[in-house]
A.B. asks: 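For reference, the structure I am asking about is given below.
So you know, we letter chains A, B, ... as the sequences are listed, proteins then strands, and number each from 1. Computed from heavy atoms alone, side chains included, the values below leave out hydrogens, waters and symmetry copies. Note that the structure is predicted; figures quoted are calculated from it, not measured.
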Amino acid sequence: MMKLLVLDGNSILNRAFYGIKLLTTKDGHFTNAIYGFLTMLKKMWDETQPDAVAIAFDRREPTFRHLEYDGYKAQRKGMPEELAEQMPVLKELLELLGYPLVEQAGFEADDILGTLAKASREQGAECVIATGDRDSLQLVGDGVTVRLAATKFGQPQVTVYDAEKIREEYGVEPPQMIEIKALQGDSSDNIPGVAGIGPKGAGELIRSFHDIDHIYENLDTIDIKEGMRKKLREGKESAYLSRKLGTICTDVPIDTKLETYRLQSGDKAAAARLMARLELFSLIPKLGLDAAAQETPEQSKTADSLPVKVLADGAGLLIPLQEQGRADLTAVYDGNEISSLLLPMDGTVFVLKPEKAFLRALCGNAKIVKNIHNSKPFYAALERLGVEVKNFGMDTLLAAYLLNPTSSDYGVERLAAEYEVPVPSANGEYADAARAALLPALVDRLTTEIEQNGQLDLLKKIELPLAKVLAGMETVGFAVDAAGIEEYGKGLQTRIDEIQSRIYEQVGYEFNVNSPKQLGQALFEKLGLHTGKKTKSGYSTNAEVLESLRYDHPAVEMILEYRGLTKLKSTYCDGLLKVIGPDGRIHSSFNQTETRTGRISSTEPNLQNIPVRTEQGRELRRFFIARPGWVLVDADYSQIELRVLAHVADDKNMIEAFRENADIHRSTAAQVFRMPEEMVTPIMRSRAKAVNFGIVYGIGAFSLSKNIGVTRKEADDYIKAYLAHYDGVRSYMNHVVELAKERGYAETLFGRRRYLPELTSSNFNLRSFGERVAMNMPIQGTAADIIKIAMIRVAERLTREKMQAQLILQVHDELIVEAPQEEAEAAAKLLTEEMQNAVSLSVPMLAEAKIGKTWYDAKE
DNA sequence: TCGGTCACG
DNA sequence: ACGTACGTGACCGAC
């Protein structure tokens, strides 16, 4: 028997849009509904395995009803711009994929579903209706089932309705669904129903009396409450109108020959290209378009398999590589060692196990430009062998990051799709070889893009050399005193046990204090404390809430201490002990393509968030040490972000303050509170400091007031006073947002970009967020650029001056060098100089270095 | 896997 | 009228 799948295009698109968080391409086109629609379509297809498929869309002609004010507004509200723009793109994509679309002027998708369901039944075929609306349930019957689509947690979900399921859920036969609706109405569809009757009442009436005809024919005699009888009597006209409005039409003038709806061949390659343009890369393999995605429009569909040659020795490659002038390297690692190297040349991928001599010859040959995807591990491997790289050309990973730092996937295959790199073959056997074969074209393509963006300097002078510095830092690592951490942890544990039992005593029963859920029950249900904020899943128990309850019950303070102690114990003591290497050092990974602002991040472990703000936490830094006979030199920038702000905003007053090396928070306080600096109290200074921070983050009066505990009005006055005095900052903030809106991205002094599709959103919150980011990213990002330059200069100079000292850590505005005792002073001087001279701005960049045996001592 | 929490700049 | 400061990563419990 033939099986036809009919999709209600509009309703599924709607469900997808509201069920999946807004996704955009990096240039700001919304794609979440398209993504959701296709995953739903795929699921429906897989589950039903139909022989034919029709996708129905509304094509409502403007009618008088739509021109009425209310109707117009409802219409607009029902279809936000973010969704509307996805509709035509989805239709194009569906056509390219070969799905027959059905529309008929003046009819809704529902009516098309009804017409095709009826046609199927008449032709003895099976019909599966896929929709997000329950309206279509009235169509269920012989050979017709409805699959109700929903999107929960971003995942497609389907509930199957046959006649049995409807009887079970509603207690009526499918055709009676329309009788229920006649009484109940449907506000979203402008169906009035009977006033005062809801789903429950409507269901009961229809279950008892079958349909509205029977109800109204016997209205005076049927056994119902008098109130109900009155409502029904008054709503009679409305009920009949509702039934008429809600009845799905089954005779839309469309083609009802089911053969028409067989899947067509479409243009798979074009569909794959469109999906790549929409940056919906994960869908390409899901929809089985991998092969199509690899066809360029000109290419034939019969790609040869990729020739791969395994070589015992690479020596023979050196001459041809030199003639070619480039080596596009794909390395495979075993630990830190390069276990094989893949080199595409003239359509063949050569695979070899690289001996040190070969690597030295290749990397040392200045006539061969070396390109690679992800240079950091390559540098780490070469460093172990003592091999230097001359003439390094391109790292496609870093280039792709500069082109769009918001992406979360910089895999070669995905980049090849995004940047429409021709794929040399469809060979899927050797994934590494296939990737290697993509590299040359990707290198060329990304080089062009980077040049077009004016980011070549940023790439070549900052990111590429930084990768080598980071490789060095990872390799060297940071020495720690494991026994010290262990003992410190034991002390914490003793105290944790003690407090835990006291908390149990106070609350009256034992529970998991680490569980926000159980803790919420204990505090707010058992102890009856006032609930503060709520979270999605219950009461909020964060430090801010607990702080406000501190004096309401003795348990609260204990819980605060418990939280602090367990954090130190589990994240820092236990966490750090787990990652100490056999050399007694911690080798964190420094990720260069993770943040959207250009900062680096640190993982496994994160060494950029080791406690410092409280003394108890700061103690941990005593266990971060220099090796015997060596010391740590720790240098940090003073107010780097505010100095950057003074420069980029070209704010005369702020520039002057920094040139005079003023205490910037004090000087801000003097301005905001309009008084001489000598009269600024510590409270005023700390408030001014919060204002300075707020400015950098894209300030709002509400958050500032919350942060410093003043009224919103006061906070607003502070901001006004601030902007009045720092007029350059005011105009900069306005300008930078406008510029970002115009260009679609924010950028740093060095041309690092962050695309901000949020700025075009019609959603107030999202757009406001975009505006704050447009203000913050150039500041945070420029500061990140500056310290990266400093790192490169520090590392180069340490090498040039043949010092043993090495850079081991960066914490955003702080650099740590491990140096032999006798190099300490020289290293401190070098660090300060290179940090201060990394860039020349309209304000001095001040950095200060300190020396100590431990991180604690070097940062006092 | 996600949300809540909290550590850092 | 909206909901409310930027950027990270790790751990835990709950689902």
A.B. asks: For dG9(C), does OP1 or OP2 lie under 4.0 Å from any side-chain N or O of Ser601(A)?
C.D. replies: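 Checking Ser601(A) against dG9(C): at least one side-chain N or O falls below 4.0 Å of OP1 or OP2.
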A.B. asks: Please work out if Glu641(A) contacts a base, only the sugar-phosphate, or nothing of the nucleic acid, heavy-atom cut-off 4.0 Å.
C.D. replies: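 It contacts nothing in the nucleic acid.
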A.B. asks: Do Gln608(A) side-chain and dC8(B) base share a donor-acceptor contact under 3.5 Å?
C.D. replies: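 When only heavy-atom distances are counted, Gln608(A) does not reach the base of dC8(B) through any donor-acceptor pair under 3.5 Å.
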A.B. asks: According to a strict under-4.0 Å criterion, is Arg563(A) in side-chain N/O contact with OP1 or OP2 of dT5(B)?
C.D. replies: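 No.
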A.B. asks: Less than 4.0 Å between a side-chain N and a carboxylate O, is that true for Lys713(A) and Asp717(A)?
C.D. replies: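 Judged by the 4.0 Å cut-off on N to carboxylate O distance, Asp717(A) and Lys713(A) do form a salt bridge.
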A.B. asks: The side chain of Phe769(A) lies closest to which of these nucleotides: dC6(C), dA5(C), dC6(B)?
C.D. replies: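 My answer, after comparing the listed nucleotides, is dC6(C).
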A.B. asks: What nucleic acid atoms does Ile610(A) come within less than 4.0 Å of, heavy atoms only: base, sugar-phosphate, or nothing?
C.D. replies: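 Counting heavy atoms under 4.0 Å across all strands, the contact made by Ile610(A) is with sugar-phosphate only.
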A.B. asks: Does Arg622(A) make a cation-pi contact with Tyr856(A), if we ask for NZ or CZ under 6.0 Å from the ring centre and within 45° of the axis?
C.D. replies: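 Yes - Arg622(A) lies over the ring of Tyr856(A), closer than 6.0 Å to its centre and within 45° of its axis.
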A.B. asks: Looking only at N and O atoms, is any donor in the side chain of Arg596(A) or the base of dT8(C) less than 3.5 Å from an acceptor on the other one?
C.D. replies: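 Per atom types, no contact qualifies.
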A.B. asks: To the side chain of Phe764(A), which of dC11(C), dC8(B), dG3(C) is closest?
C.D. replies: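 Selected nucleotide (nearest to the side chain): dG3(C).
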A.B. asks: Touch check for Ser768(A), heavy atoms < 4.0 angstrom, all strands: base, sugar-phosphate only, or nothing?
C.D. replies: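 Ser768(A): no heavy atom of the nucleic acid under 4.0 Å.
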A.B. asks: Out of dT4(C), dG9(B), dG4(B), which has the shortest distance to the side chain of His812(A)?
C.D. replies: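 From the listed options, dG9(B) comes nearest.
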A.B. asks: Check every strand shown and say whether Gly575(A) touches a base, only sugar-phosphate, or nothing at a heavy-atom separation below 4.0 Å.
C.D. replies: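 Answer is sugar-phosphate: Gly575(A) comes under 4.0 Å of backbone atoms only.
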A.B. asks: So, are Lys859(A) and Glu814(A) salt-bridged, with charged N and O less than 4.0 Å apart?
C.D. replies: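 Counted as a salt bridge, because a side-chain N and a carboxylate O are separated by less than 4.0 Å.
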A.B. asks: Does any non-hydrogen side-chain atom of Gln608(A) lie less than 4.5 Å from one of Ile600(A)?
C.D. replies: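 Side chain of Ile600(A) against side chain of Gln608(A), heavy atoms only: contact under 4.5 Å found.
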A.B. asks: Where the side chain of Val612(A) is defined as all heavy atoms beyond and including C-beta, which of dC8(B), dT5(B), dA14(C) is the nearest nucleotide?
C.D. replies: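 Between dC8(B), dT5(B), dA14(C), the one nearest the side chain of Val612(A) would be dC8(B).
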A.B. asks: With respect to the side chain of Val811(A), which nucleotide from dA14(C), dT4(C), dG9(B) is positioned closest?
C.D. replies: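 Minimum distance to the Val811(A) side chain belongs to dG9(B).
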A.B. asks: Quick one: label Arg754(A) by what it contacts on the DNA or RNA (base, sugar-phosphate, nothing), any heavy atom closer than 4.0 Å.
C.D. replies: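 Counting heavy atoms under 4.0 Å across all strands, the contact made by Arg754(A) is with sugar-phosphate only.
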A.B. asks: When you get a sec, tell me which of dC6(B), dT5(B), dA5(C) is the closest nucleotide to the side chain of Lys567(A)?
C.D. replies: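 Comparing dC6(B), dT5(B), dA5(C) against the side chain of Lys567(A), the answer is dC6(B).
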A.B. asks: Within the 4.5 Å heavy-atom criterion, are Lys490(A) and Glu487(A) side-chain neighbours or not?
C.D. replies: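 Counting from C-beta outward, Lys490(A) and Glu487(A) never come under 4.5 Å.
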A.B. asks: Is Arg502(A) paired with Glu561(A) through a side-chain N to carboxylate O contact shorter than 4.0 Å?
C.D. replies: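 Here Glu561(A) does not pair with Arg502(A) in a salt bridge, since their nearest N and O are not under 4.0 Å apart.
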A.B. asks: Give the nucleotide from the list dG7(C), dA5(C), dA7(B) with an atom nearest to the side chain of Tyr572(A).
C.D. replies: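 The closest nucleotide is dA7(B).
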A.B. asks: Whether the side chain of Arg613(A) and the base of dG9(B) hold a donor-acceptor pair under 3.5 Å is what I'd like checked.
C.D. replies: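 Yes, a donor-acceptor pair under 3.5 Å.
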A.B. asks: Of the listed nucleotides (dC6(B), dG4(B), dC6(C)), which one gets closest to any side-chain atom of Asn542(A)?
C.D. replies: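 In terms of side-chain proximity for Asn542(A), the closest of dC6(B), dG4(B), dC6(C) is dC6(B).
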A.B. asks: Look at all strands and tell whether Asn609(A) reaches a base, only sugar-phosphate, or nothing, counting heavy atoms closer than 4.0 Å.
C.D. replies: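 If one applies the 4.0 Å heavy-atom cut-off, Asn609(A) turns out to touch a base.
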A.B. asks: Select base, sugar-phosphate, or nothing to describe what Ala543(A) touches, counting heavy atoms under 4.0 Å on all strands.
C.D. replies: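 Answer is sugar-phosphate: Ala543(A) comes under 4.0 Å of backbone atoms only.
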A.B. asks: Pick base, sugar-phosphate or nothing for Thr566(A), based on heavy-atom distances below 4.0 Å to the nucleic acid.
C.D. replies: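 Counting heavy atoms under 4.0 Å across all strands, no contact is made by Thr566(A).
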A.B. asks: Base, sugar-phosphate alone, or nothing: which one does Arg772(A) contact when heavy atoms must sit under 4.0 Å apart?
C.D. replies: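 Sugar-phosphate only.
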A.B. asks: Would you say Lys517(A) reaches dC15(C)'s phosphate, i.e. side-chain N/O to OP1/OP2 under 4.0 Å?
C.D. replies: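 Checking Lys517(A) against dC15(C): at least one side-chain N or O falls below 4.0 Å of OP1 or OP2.
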